[in-house]
Amino acid sequence: MKGPHMEPDFDPKFISVNREGDRLLILPCVKCWGTNRTTDRYFVSLRGSEVTPERVGESMLNMFSFIEHAGSLELSLEEQENCWKHDTRYKTWRAFARNNDLLWVSTSPGGRYLVCAYAPRSGGDDPGDSIWHAIVPAGASARELGQAVMDAYAAIDEWKRARGERGVNRAPYRVQDYQVEGKEANDMGVMTVSVNREGNRILLLPYVECWGVDRLTDRFFASLKGPGVTAGDVGVALLDAFAFIERTGPLELSLEEQENCWRHDTKYKTWRAFARNNDYVDVTYYEDDHYCICAYPPRTRDLVGDEVWRGTVPAGASAEELGQAVLDAYAAVDEWKKTHGRRAGRHEPVARRVGLCDGGEATLPGPGEGFVERTSAAGEVLLAFEHTGRDGDPVASLYLAEAEWDEGPDGGEAWDEWLERWEEENGPARSVSREPCAEGPFTRRWTARNGSCLTVALLAPRSGGLAVMLCLDAARPGRRAKATERWEGELLRVARAATIRPGKPETDE
């Protein structure tokens, strides 16, 4: 929790006073990396007959003294999040906040004290939300300061009698929502569970707050396997996951813990292999309203707008109803895959048609395997497609170009010039070859390779010392052996489907 903001040229000190039934919990705010954070390294818990103006005022003066002497402290996230847990019957922050009457007591310019009371469940983060406030003069006795606190709680009781015990009808802020700048209040009460299907196994993992960002964790998980998994089983696991999020609150997760949470009961050794074969659904709970279930195409991110199916289930629904919605989502994913194929990026290649310099025309399908059309700066390149790696850098390119050709079966000097240019760009070749082939209209195959690049060029000789050349360049082929094999197969598929139409011969008029 952090206290209300004051004048920028004044450094106030804050105390949080929390009433739950007949108990007062008083906590100081200390500086932690330049921001006021609530801590329980010093606290006072008064109950029943102990709650008198003198004891309350004395406790607060001691709090201000602690803040003065403690200075700045480094508080862990869990330490900040759990400071409210003393002498309370509530197990979660949300339950505590619903039943807590909050005051802020702060120092103000001139040594005065400002006491602000807030409506139940309002959060108490903005001074403008206060329903009562008072200023206690500098040098006031402990009894006077404590009496101001008692008057503030009397104002809260009067407010509740007039407007209802529950106060502001909205979800209480979690502790971290006071701590993370830019966190939207509308995000509160929203919890998400990731549902992952691989074959006949369903893995459920909750998202928890980690320094203000939702992160997956396997500190709780459910792995349901086999044909006997029912909607009720899935629904119960989902409700248990939401209960874990509610109960646990924010966690500090290491990078390895976040990265490895998907590994339960899977045959895949890497995240990339798992993601290729995982059908992803997320279930989000909007408190006291509804569950939202979204299913996504295989191998895509969970971006809004990518969903292949979306449904809602009202809050309070049974585990059977919630689980059935998840099974319906997976049925929609299966139907999507029947129509579009296993891979989300798969599509029917669109034919491309380009003109040749002699008036002819080449037609070929666009490649699949993740190749995306791009514009080439090289004038002889007619069409170009590129495949990027994880870091966004290109790792393969497939392009159609016009090249020189010497009469003869092997290309003569054209081969020597091509190989010389290749070595200038990629370094000395470790292996080269030139041989006939029969891939659609292409009848010659040139290959050059070293550790950094593999180039496979298919040529269709034409009259006039020219040839049409379809090329594949693959970076680091040794490290990407399987990928290179797939790309070369795509090159041959495109070549077989290509057609080259000769231009009209010139005639003398």
Donor-acceptor pair, Asn196 side chain versus Tyr280 backbone, under 3.5 Å? no
Could you go through Leu204 and Leu224, starting from their C-alpha distance and side-chain angles, then the distance that decides it, and tell me whether this counts as side chain to side chain contact (heavy atoms under 4.5 Å, CB included)? CA-CA 8 Å; Leu204 295 92; Leu224 310 175; 4.1 Å; yes
Does the plane of the ring in His387 sit parallel, tilted or perpendicular to the ring in Trp487? Use 30° and 60° as the thresholds. tilted
Please list, chain by chain and in numerical order, all residues satisfying salt bridge (Lys or Arg N to Asp or Glu O under 4.0 Å) with Arg201, sequence neighbours excluded. Glu198
Looking at CD1 of Ile293 and CG of Leu322, how far apart are the two atoms once the value is rounded to the nearest 0.5 Å? 6.0 Å
Salt bridge (Lys or Arg N to Asp or Glu O under 4.0 Å) with Lys225: which residues, sequence neighbours excluded? none
First locate atom CH2 of Trp262, then atom CZ of Phe274, and finally report the distance between them rounded to the nearest 0.5 Å. 7.0 Å
Once rounded to the nearest 0.5 Å, what's the spacing between atom CG of Asn36 and atom CD1 of Ile15? 11.5 Å
Has the side chain of Asp473 got a donor or acceptor atom that lies under 3.5 Å from a matching backbone atom of Ser397? no
Output, in order, the C-alpha distance, side-chain angles, deciding distance and verdict of side chain to side chain contact (heavy atoms under 4.5 Å, CB included) for Thr38 and Trp84. CA-CA 9 Å; Thr38 307; Trp84 54 273; over 6 Å; no
Heavy-atom count check: over 12 atoms from other residues, nucleotides or ligands less than 6.0 Å from His264 NE2? yes
For a quick test of reading the model, state the closest non-hydrogen atom pair linking Ala222 to Ala237 and the distance between them. CB-CB, 3.8 Å
What are the two closest heavy atoms between Val308 and Pro297, and how far apart are they? CG1-CG, 3.4 Å
Reported CD1-to-OH distance for the pair Ile131 and Tyr118, which is rounded to 0.5 angstrom: 10.5 Å
Does CD in Glu252 sit with more than 12 non-hydrogen atoms of other residues, nucleotides or ligands closer than 6.0 Å? yes
Hey, are the side chains of Arg476 and Val395 touching, using non-hydrogen atoms and a 4.5 Å cut-off? no
Looking only at heavy atoms, which two atoms of Phe220 and Ala241 are closest? And how far apart? CE2-CA, 3.5 Å
Using 30° and 60° as the class limits, which term best fits the ring planes of His86 and Phe43: parallel, tilted or perpendicular? parallel
Around atom CD of Glu54, are there more than 12 heavy atoms of other residues, nucleotides or ligands at under 6.0 Å? yes
Search all heavy atoms of Thr484 against all heavy atoms of Pro477 and return the closest pair with its distance. OG1-CA, 3.7 Å
Just so I know, are the side chains of Arg19 and Leu24 near enough to count as touching, which here means a heavy-atom distance under 4.5 Å? yes
Nearest heavy-atom approach of Cys116 to Ser130 is CB-CB, 4.2 Å
Derivation and outcome, side chain to side chain contact (heavy atoms under 4.5 Å, CB included), residues Tyr285 and Val190: CA-CA 6 Å; Tyr285 176 57; Val190 178; over 6 Å; no
Does the side chain of Cys261 come within less than 4.5 Å of Phe221's, by heavy atoms? no
Correct closest heavy-atom pair for Leu27 and Thr39 would be CD2-O, 3.7 Å
Side chains of Val208 and Leu253: does their closest heavy-atom pair fall under 4.5 Å? yes
Could you list the residues that satisfy salt bridge (Lys or Arg N to Asp or Glu O under 4.0 Å) with Glu158, not counting sequence neighbours? Arg161
I'd like to check Ser16 versus Trp104 (side-chain heavy atoms, cut-off strictly below 4.5 Å). Are they in contact? yes
Decide yes or no for Val30 and Leu75: does some side-chain heavy atom of the first lie under 4.5 Å from some side-chain heavy atom of the second? yes
Quick note, side-chain hydrogen bond (donor to acceptor under 3.5 Å, both in side chains) partners involving residues 239-248, not counting sequence neighbours, are Arg94-Glu246
Enumerate donor-acceptor pairs with a distance under 3.5 Å from any side-chain N or O in residues 59-67 to protein atoms, sequence neighbours excluded.
from  : atom 1 : to    : atom 2 : distance (Å)
Ser59 : OG     : Arg55 : O      : 2.8
Asn62 : ND2    : Glu58 : O      : 3.3
Ser65 : OG     : His69 : ND1    : 3.4

Under a 4.5 Å cut-off applied to non-hydrogen side-chain atoms, are Val51 and Val56 in contact? yes
Is a side-chain donor or acceptor of Asp282 paired with a backbone partner of Ser194 at a separation under 3.5 angstrom? no
To the closest 0.5 Å, what do you measure between CZ (Phe244) and CG (Leu239)? 15.5 Å
Any donor-acceptor pair under 3.5 Å linking the side chain of Tyr330 with the backbone of Asp279? yes
Could you check Glu490, Arg374, Glu373 and say which one makes a side chain to side chain contact (heavy atoms under 4.5 Å, CB included) with Phe385? Glu373
Taking C-beta and beyond as the side chain, do Asn277 and Lys267 meet within less than 4.5 Å on heavy atoms? no
Please list all pairs meeting side-chain hydrogen bond (donor to acceptor under 3.5 Å, both in side chains) that have one or both residues in residues 42-51, counting only residues at least two apart or in different chains. Ser45-Asp87
Applying salt bridge (charged side-chain N to carboxylate O under 4.0 Å, His left out), run through Glu257 and Arg219 and close with a yes or a no. CA-CA 9 Å; Glu257 186 175 356; Arg219 296 195 187 183; 2.6 Å; yes
Distance from Asp265 atom CG to Ile202 atom CD1, nearest 0.5 Å? 12.5 Å
Checking side chain to side chain contact (heavy atoms under 4.5 Å, CB included) for the pair Asp233/Thr230: CA distance, chi angles, key distance, verdict? CA-CA 5 Å; Asp233 296 332; Thr230 65; 3.1 Å; yes
